[in-house]
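Predicted model, so just to flag it, every value in this text is computed and none were measured.
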Amino acid sequence: MIKLEYVLVVSAILFCLGLYGVLARRNAIMILLSIELMLNAVNINLIAFAVYLSPEEMTGLIFAIFIITVAAAEIGLALAIVLRLFKSRATVNVDEVNLMKW
Amino acid sequence: MVELAMFIVVSAIAVIGAAGTVLSRSVVYASLFLLLSLLAVAGIYVLIFSPFLALVQVLIYGGAIIVVVLFALMLTRLGDTNESLDNRQKPLAAVTGLAAMGILIATVIANKWPASVDPSPASFRDLSSTLFSRWAIPFELASVLLLVALIGAIVMAKPGDQK
């Protein structure tokens, strides 16, 4: 029997690894991959709560489906922006793109 | 008991994949580690009685997102450079991540969760009828969002046209 706490702990570990990746990486595509990890951890949380605490409502499952949709839209658009950035600057390192930094 | 053992194995694979994603020195290996982690998360979904979400996870993440990421890596030609993928706030990031992990896990363990009902798999029929009745308007809005993202991605990545 898998308890709710076990699922939540796994999700917390995945989320914090993603958080570390977002803060420590300087390659824009690696930052996007870390954001995908964090979104996945959130999805695990939502699905676990939906299944274990209110299985007849299914709100968490629907939310997880919408988060996957938004994540797909986000990664498509963000990679297009990264490609445009690479064309104009020949780099995808976020610390070298500092034109608008004060 | 078998379920718990399988859950531990699948979770370990997910965590190893995630650690590989954020620690790997090669962008291609990092995205393949991410694929491993996402598929293991699909396994977790199966074990907590959500087969539909596992299916969606494999199709969207394994099938679509990783392929798009690999194409972006190919087009930005990062494989032939040896520069570091990490910035200089790495130690601070490690401290922040570990602190957040400690706080989250302590909260999960300390909290008294309400007694969980006996979990049972949500049927595809119930899920789809809920999605198309109560959540119909957000569903349609999601299709508009995908259309906007598609057009935006085409406009952003279009060659030539230097403004």
Side-chain angles (χ1 to χ4, degrees), chain A residues 1-10 12-21 23-27 29-30 32-34 36-37 40 43-44 47-48 51-53 55 58 61-62 64-66 68-77 79-84 86-88 92-95, chain B residues 3-4 7 11 14-15 18-19 21-22 27 30-31 34 37-38 41 44-45 47-50 53 56 60 64-65 68-69 72-73 75-76 85-87 89-90 93-94 96-97 100-101 104-105 108-109 113-114 116-117 119-120 122 126-127 130-131 135 138 142 145-146 149 152-153 156-157:
Chain A
M1 179 67 198
I2 304 162
K3 286 167 74 180
L4 178 60
E5 287 89 336
Y6 305 158
V7 186
L8 296 185
V9 166
V10 171
I13 294 172
L14 288 181
F15 185 87
C16 294
L17 282 170
L19 179 67
Y20 166 77
L23 292 174
R25 292 296 206 186
R26 66 199 278 261
N27 183 320
I29 297 177
M30 292 299 106
L32 287 172
L33 294 189
S34 305
E36 292 300 317
L37 270 183
N40 249 282
N43 270 345
I44 297 176
I47 293 172
V51 169
Y52 281 85
L53 297 184
M58 286 194 266
L61 297 180
I62 305 282
I65 292 174
F66 281 123
I68 291 176
T69 312
V70 173
E74 170 246 327
I75 195 107
L77 200 45
L79 287 175
I81 293 173
V82 170
L83 281 187
R84 169 50 68 95
F86 181 74
K87 263 181 217 153
S88 65
V92 291
N93 291 334
V94 290
D95 51 358
Chain B
E3 286 172 359
L4 189 59
F7 178 76
S11 307
V15 170
T21 307
V22 297
V27 285
S31 29
L34 180 70
S37 178
L38 295 175
V41 168
I44 294 180
Y45 291 167
L47 287 173
I48 60 174
F49 306 104
S50 309
L53 266 298
V56 170
I60 308 275
I65 288 184
V68 173
V69 167
L73 290 177
L75 290 174
T76 51
L85 291 171
D86 300 322
N87 60 22
Q89 61 191 13
K90 198 174 173 179
T96 311
M101 190 186 295
L104 281 175
I105 291 177
V108 167
I109 290 171
W113 299 102
S116 61
V117 294
S120 63
D126 290 347
L127 189 62
T130 312
L131 186 61
W135 300 93
L145 174 80
L146 283 175
M156 287 301 296

Report summary line: From the list L32(A), N43(A), I65(A), I47(A), the residue making the most non-hydrogen contacts under 4.5 Å with chain B is I47(A)
Query raised in the report: Mind checking whether Y45(B) and L61(A) have side chains closer than 4.5 Å, heavy atoms only?
Result: no
Query raised in the report: By a 4.5 Å heavy-atom criterion (distance strictly below it), what part of S34(A) contacts chain B: side chain, backbone, both, or neither?
Result: side chain
Report summary line: Turns out that what part of L17(A) lies under 4.5 Å from chain B's heavy atoms comes down to both
**Report entry** Heavy-atom check, side chain of I62(A) versus side chain of L127(B), under 4.5 Å
**Finding:** yes
Requested in this report: Go through the atoms of V94(A) and report whether side chain, backbone, both or neither lie under 4.5 Å from a heavy atom of chain B.
Outcome: neither
Requested in this report: Pick whichever of L53(B), L104(B), L38(B) has the most heavy-atom pairs under 4.5 Å with chain A.
Outcome: L53(B)
Report task. Just jot down the salt bridge (charged side-chain N to carboxylate O under 4.0 Å, His left out) partners of K90(B), sequence neighbours excluded, or say none. Result -> D86(B)
Report summary line: Counting heavy-atom pairs under 4.5 Å with chain A, the top scorer among S31(B), P138(B), G152(B) is P138(B)
Query - Stepwise side-chain contact (heavy atoms from CB on, under 4.5 Å) test for F7(B) and V10(A) - result: CA-CA 10 Å; F7(B) 178 76; V10(A) 171; 4.0 Å; yes
Report task. Indicate yes or no: at least one non-hydrogen side-chain atom of L4(B) is less than 4.5 angstrom from one of Y6(A). Result -> yes
**Report entry** Heavy-atom contact with chain A under 4.5 Å, split by part of L34(B)
**Finding:** side chain
Query raised in the report: Is it the backbone or the side chain of I44(B) that comes under 4.5 Å from a heavy atom of chain A, or both, or neither?
Result: side chain
Report task. Search all heavy atoms of L146(B) against all heavy atoms of A73(A) and return the closest pair with its distance. Result -> CD2-CB, 4.0 Å
Report task. Report the option among L19(A), I81(A), L8(A), V70(A) that has the most heavy-atom pairs separated by less than 4.5 Å from atoms of chain B. Result -> L8(A)
Report summary line: Per-residue tally against chain A (heavy atom, under 4.5 Å) across A93(B), A149(B), G97(B) peaks at A93(B)
Query raised in the report: Who pairs with D95(A) by salt bridge (charged side-chain N to carboxylate O under 4.0 Å, His left out), at least two apart in sequence or on another chain?
Result: R26(A)
Query raised in the report: Under the side-chain contact (heavy atoms from CB on, under 4.5 Å) criterion, do V41(B) and L14(A) qualify, and how do the steps go?
Result: CA-CA 10 Å; V41(B) 168; L14(A) 288 181; 3.9 Å; yes
Report summary line: Honestly, the part of L79(A) sitting under 4.5 Å from a heavy atom of chain B is side chain
Query raised in the report: Is any side-chain heavy atom of M30(A) closer than 4.5 Å to a side-chain heavy atom of V27(B)?
Result: yes
Requested in this report: List the steps and the verdict of side-chain contact (heavy atoms from CB on, under 4.5 Å) for L73(B) and I29(A).
Outcome: CA-CA 8 Å; L73(B) 290 177; I29(A) 297 177; 3.7 Å; yes
**Report entry** W113(B) side, atom CH2; Y52(A) side, atom OH - distance, nearest 0.5 Å
**Finding:** 13.0 Å
Query raised in the report: For V15(B), is it the side chain, the backbone, both or neither that has a heavy atom under 4.5 Å from a heavy atom of chain A?
Result: both
Query raised in the report: Do V22(B) and L37(A) have side chains that get closer than 4.5 Å, going by heavy atoms?
Result: yes
Query - Under 4.5 Å from any heavy atom of chain A - which part of A100(B) - result: both
**Report entry** Proximity breakdown for L47(B) and chain A, heavy-atom pairs closer than 4.5 Å
**Finding:** both
Requested in this report: May I ask you to name which of R25(A), K3(A), E5(A) has the most heavy-atom pairs under 4.5 Å with chain B?
Outcome: R25(A)
Query raised in the report: Are V7(A) and I48(B) close enough that some pair of their side-chain heavy atoms sits under 4.5 Å apart?
Result: yes
Query raised in the report: Taking every heavy-atom pair that is under 4.5 Å apart, which of G21(A), A80(A), A12(A), A24(A) has the most such pairs with chain B?
Result: A24(A)
Query - Heavy-atom proximity to chain A below 4.5 Å, by part of T21(B) - result: both
Query raised in the report: With a 4.5 Å limit on heavy-atom distance, are the side chains of I105(B) and I13(A) in contact?
Result: yes
Report task. Select, from I75(A), I2(A), I44(A), the one with the greatest count of heavy-atom pairs under 4.5 Å involving chain B. Result -> I2(A)
**Report entry** Nearest heavy atoms of S50(B) and V51(A), plus distance in Å
**Finding:** OG-CG2, 3.4 Å
